[in-house]
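For reference, the structure is listed below as structure tokens.
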Amino acid sequence: MDKYLAGIRRFIRETIAELHKCTWPTRAELFESTILVIVSIIILTGFVAIIDQVSRYVINFLTMPTV
């Protein structure tokens with residue numbers, strides 16, 4: 001059991017050491033990245049909505065019964 005806890009402590013110590021090596025973004029960089037992600041999501045949502053409408057139109061046109 002003591003060996004198991006020592007392994008956990010070592011893992012946590014090494015994880016903290018690695019996190020100190022990271023370069024964290026500034027508040028301005030984080031804000032810019034967040035805006036970029038939100039804009040990308042909006043553009044992708046619009047693209048998917050347009051494709052959905054076109055697909056629905058094509059499927060309805062192809063499956064419409066002929067009278």
Side-chain angles (χ1 to χ4, degrees):
M1 180 73 172
D2 195 34
K3 184 179 178 180
Y4 181 71
L5 290 176
I8 292 174
R9 283 189 204 112
R10 182 173 153 240
F11 173 76
I12 291 172
R13 231 182 2 261
E14 290 176 0
T15 301
I16 290 171
E18 287 297 320
L19 286 174
H20 285 296
K21 295 177 186 178
C22 292
T23 304
W24 297 98
T26 63
R27 186 179 273 289
E29 291 171 336
L30 186 61
F31 181 75
E32 288 175 8
S33 296
T34 303
I35 295 299
L36 180 66
V37 168
I38 291 171
V39 169
S40 299
I41 289 172
I42 290 170
I43 291 170
L44 184 61
T45 302
F47 176 74
V48 170
I50 290 170
I51 295 299
D52 183 51
Q53 292 298 322
V54 170
S55 297
R56 185 180 344 176
Y57 175 76
V58 170
I59 290 170
N60 282 340
F61 178 76
L62 293 174
T63 61
M64 188 170 49
T66 55
V67 179

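Residue indices begin at 1 and follow the sequence shown.
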Return the [atom1] to [atom2] distance between [X] and [Y], rounded to the nearest 0.5 Å.
| X | Y | atom1 | atom2 | answer |
| --- | --- | --- | --- | --- |
| Thr15 | His20 | OG1 | NE2 | 11.0 Å |
| Ile50 | Thr45 | CD1 | OG1 | 11.0 Å |
| Phe11 | Ile16 | CZ | CD1 | 10.0 Å |

Joint hydrophobic cluster, Phe47 plus Leu36, side-chain heavy atoms closer than 4.5 Å: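 In one cluster: no.
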
Test side chain to side chain contact (heavy atoms under 4.5 Å, CB included) applied to Ile41 and Val37, Ile38, Ile43, the passing residue: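 Result for side chain to side chain contact (heavy atoms under 4.5 Å, CB included) with Ile41: Val37.
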
